[in-house]
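The structure under discussion appears below in the form of structure tokens.
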Amino acid sequence: MEKARGRDSGDLLKSANEMQIEAILSRRNLIVMAVVFVLAIVVGVVIAVEATPAIVIVLAFFVPLVLISMRNLWAYAIWVAIFGLAVWSYGFNNVPLIRPLPLADALIIFSVIFGFTRWWPLHRVTVVRRLLFFLSALMFIVLLRLIVDIPSFGLLAVRDALFAFELWVLLPAIAMGVMLGERRLNRYLFWLFSITTAWFLLYPWRDVIVSISPVVGIQRPVPLFAFTTAGFMSVPVFFWFLWNRRGMIGVIGAVAALFILLLAQSRGAYLAFLGSVIVLYLLQPGSVKRWGRVMLVGTVVGVVLLLFGGFLTGRLGEPVGIDTVVEQMQTLAGEEGPGAGSFQYRLTAWSMVIRQVLSEPLGPVIGLGLGPDLFLGFTLGPDVLVRKPHNDYLEIWARIGVFGLLAWLGILIVLGLEAAKGARQSPRHGWILSLQIMLWITSVGQPAMGFAYVVVVWAGLTGLWIGARLHEQGLVPVKPPRLTQPAGEEVVFRFEK
């Protein structure tokens, strides 16, 4: 009798929690989120021209939203940031709130602060506790470096430090995932991945689209419409459609994602895709039927390439096809081909960075600091100094030393282990492991931690997935959140299973 009563009580708690989520993410509130998203873009565009009227617009719309919907606005902020950065990537990354503060970073800071009472109670959960340890250690080291480096490098030092702040999106994202659960999260991921896929399929016409795009900018004017994350998103989107959607929707989504991968013409994305296939097959060798779908998708893409590949060009201006993939991959072995020059330049820059660090007595321990140029003076145009060596492992060590690197690697390892456990449990979690593999490989050849469109999308999606898994494992509020609950009232969670 008592056990049955306990089960009924747990079901009631989950039902109340699900009702709360339905209320938070109802159609009406999704419309509110869309309005906020559009407003944010308009404000950023206005700010790019004149700051004073934009500040008035922000106060006129933002303050009432805070007063009316404080308990939910942190959740909207996460979704707005993820949608904007996943779709418009570098363009949305450059939308300012109040220059020089990027809108995306303002949304993340807002979600971390005002979602505190939702994510802090989760610190008793092992994975959250481990993440908090490494996030806090990384933040402490970065703040110490900022104290030293801001007087010398100013905003350049702050820009190099932003990734340590952006990674905190993991915590409110986990809380949001706990509230949603896997089934509801997949609904929103379907819309996110469908929109990003539809957008990236416009890649062949990117020059025309960019030419009509609004212009935003923090450092310099850039088009709002961008396709920078096409390669990064294509790999996890492929595996999500492959194992989380049945029938033709899954096949069409996977075919489109694989085609986008070829359009992006990124060596890192190719390696991440191949690595994901190998790792996921080793973890789930028995999923013969699902791997048969991979063969089906590959066959369909092969036919499409045979018919249309010669008429389309990708990111590097090369024809879309397997020949281009092979030529690009050969450049990693020193052969000539598309992108060979950029790879050789990276190798030269990396060796120079290592020599710079080792030339300082305490360089390997405390780093060279946030702000210095680590890319041999490479510039984009006459006034944009790149400064980043296009290798996050090397750059983090070079800037904040070995302890900062270890703290960052700790975060990657915790998330990677969680993703591997999920992928081993079920193929439907394979997409999140492929996202981790994508990040690990991207960080070798790109400044992934230098841009919110990688950091926030990767950390936000991973946090949402972790939270949803905790929900499926039985983590529910002891006292379910109420629609009328004050924003500052803490929610206590426990495992019911």
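Side chains included, hydrogens not; waters and symmetry mates left out as well; all remaining heavy atoms used. In this chain, residues are counted from 1 in sequence order.
A heavy-atom distance below 4.5 Å is not found between the side chains of Gln446 and Asp392. Put simply, the side chain of His429 does not reach to within 4.5 Å of the side chain of Trp243, judged on heavy atoms. With contacts defined as side-chain heavy-atom distances shorter than 4.5 Å, the pair Val87/Ile195 qualifies. The shortest side-chain heavy-atom distance between Ile109 and Phe165 does not fall under the 4.5 Å cut-off. For the pair Tyr393/Trp440, a side-chain contact is recorded, criterion being any heavy-atom separation below 4.5 Å from C-beta on. Side chains of Leu132 and Trp168 form a contact here, defined as non-hydrogen atoms less than 4.5 Å apart. At least one side-chain heavy atom of Val235 sits less than 4.5 Å from a side-chain heavy atom of Ser276. Contact of the Met438 side chain with the Phe273 side chain is not registered, since no non-hydrogen atoms from C-beta on lie closer than 4.5 Å.
For Trp465 against Gly422, the heavy-atom pair with the smallest separation is CZ2-CA, 3.9 Å. The shortest heavy-atom contact between Val320 and Gly314 is CG2-N, 3.8 Å. A pairwise comparison of heavy atoms in Ala137 and Ala407 identifies CB-CB, 4.2 Å as the closest pair. Of all heavy-atom pairs between Trp205 and Leu201, the closest is CZ3-O, 3.5 Å. Considering all non-hydrogen atoms of both residues, Val142 and Ala164 come closest at CG2-CB, 3.7 Å. What you find for Trp350 and His390 is that their closest heavy atoms are CZ2-O, 3.4 Å.
Judged by distance alone, the side chains of Thr331 and Arg267 do bring a donor and an acceptor atom under 3.5 Å apart.
Interatomic distance, Glu327 CD to Glu335 CD, rounded to the nearest 0.5 Å: 11.0 Å. A distance of 7.5 Å separates CG of Leu470 from CD1 of Ile466, quoted to the nearest 0.5 Å. Here OG of Ser213 is found 5.0 Å from CZ of Phe225. Values are rounded to the nearest 0.5 Å. Distance check, rounded to the nearest 0.5 Å: CH2 of Trp119 to CG of Leu131 gives 11.0 Å. Rounding to the nearest 0.5 angstrom, the gap separating the CG atom in Leu433 from the CG atom in Leu280 is 5.5 Å. Atom CD1 of Ile322 and atom CG of Leu262 lie 5.5 Å apart (nearest 0.5 Å).
Under the 3.5 Å distance criterion, the side-chain polar atoms of Thr313 are left unmatched by any main-chain donor or acceptor of Pro319. Between the side chain of Ser89 and the main chain of Thr228, a donor-acceptor pair closer than 3.5 Å is present. Judged by distance alone, with hydrogens and angles left aside, the side-chain atoms of Asn391 form a donor-acceptor pair with the main-chain N or O of Val444 at under 3.5 Å. Distance alone, capped at 3.5 Å, places no donor-acceptor pair between the Arg387 side chain and the Leu374 backbone. Side-chain atoms of Arg245 never come within 3.5 Å of backbone atoms of Gly250 as a donor-acceptor pair (strictly under, hydrogens ignored). Glu166 places no side-chain N or O within 3.5 Å of a backbone atom of Val456 that could act as its donor or acceptor partner. The backbone N or O of Phe232 lies less than 3.5 Å from no partner atom in the side chain of Thr229, so there is not a single donor-acceptor pair. Judged purely by atom type and a 3.5 angstrom limit, Ser211 uses its side chain to pair as donor or acceptor with the backbone of Val208. A donor-acceptor pair under 3.5 Å is absent between the side-chain atoms of Glu318 and the main chain of Pro338, judged by distance alone. Gln328 places a side-chain N or O within 3.5 Å of a backbone atom of Gln265 that can act as its donor or acceptor partner.
Ring orientation note: the planes of Phe200 and Phe227 are tilted relative to one another, at an angle of 30° to 60°. Between Trp240 and Phe193, the ring planes lie perpendicular to each other; the angle is over 60°, past the 30° to 60° tilted range.
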Subject >> Derivation and outcome, side-chain contact (heavy atoms from CB on, under 4.5 Å), residues Leu271 and Leu332 >> reply: CA-CA 11 Å; Leu271 289 172; Leu332 299 177; 4.0 Å; yes

Original post:
So Arg220 and Val222, side-chain contact (heavy atoms from CB on, under 4.5 Å) or not? Walk me through it.
Top reply: CA-CA 6 Å; Arg220 60 191 175 95; Val222 299; 4.2 Å; yes

**OP:** Show your working on side chain to side chain donor-acceptor pair (under 3.5 Å) between Thr462 and Gln436 and close with a plain yes or no.
**Re:** CA-CA 8 Å; Thr462 305; Gln436 309 311 305; 2.9 Å; yes

Subject >> From CA spacing to verdict: ring pair (Phe, Tyr, Trp, His ring centres under 6.0 Å), Phe92, Phe83 >> reply: CA-CA 10 Å; Phe92 192 83; Phe83 266 82; over 10 Å; no

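For Tyr188 and Trp79, the ring centers are positioned less than 6.0 Å apart.
Few gaps surround OH on Tyr90; more than 12 heavy atoms of other groups in view lie less than 6.0 Å from it. More than 12 heavy atoms of other residues, nucleotides or ligands sit less than 6.0 Å from atom CZ of Arg346. Residue-environment remark: CZ (Arg424) stays at or below the threshold of 12 foreign heavy atoms within 6.0 Å.
Each of Arg187, Arg428, Arg469 was scored for a salt bridge (Lys or Arg N to Asp or Glu O under 4.0 Å) with Glu182, with one residue passing: Arg428.
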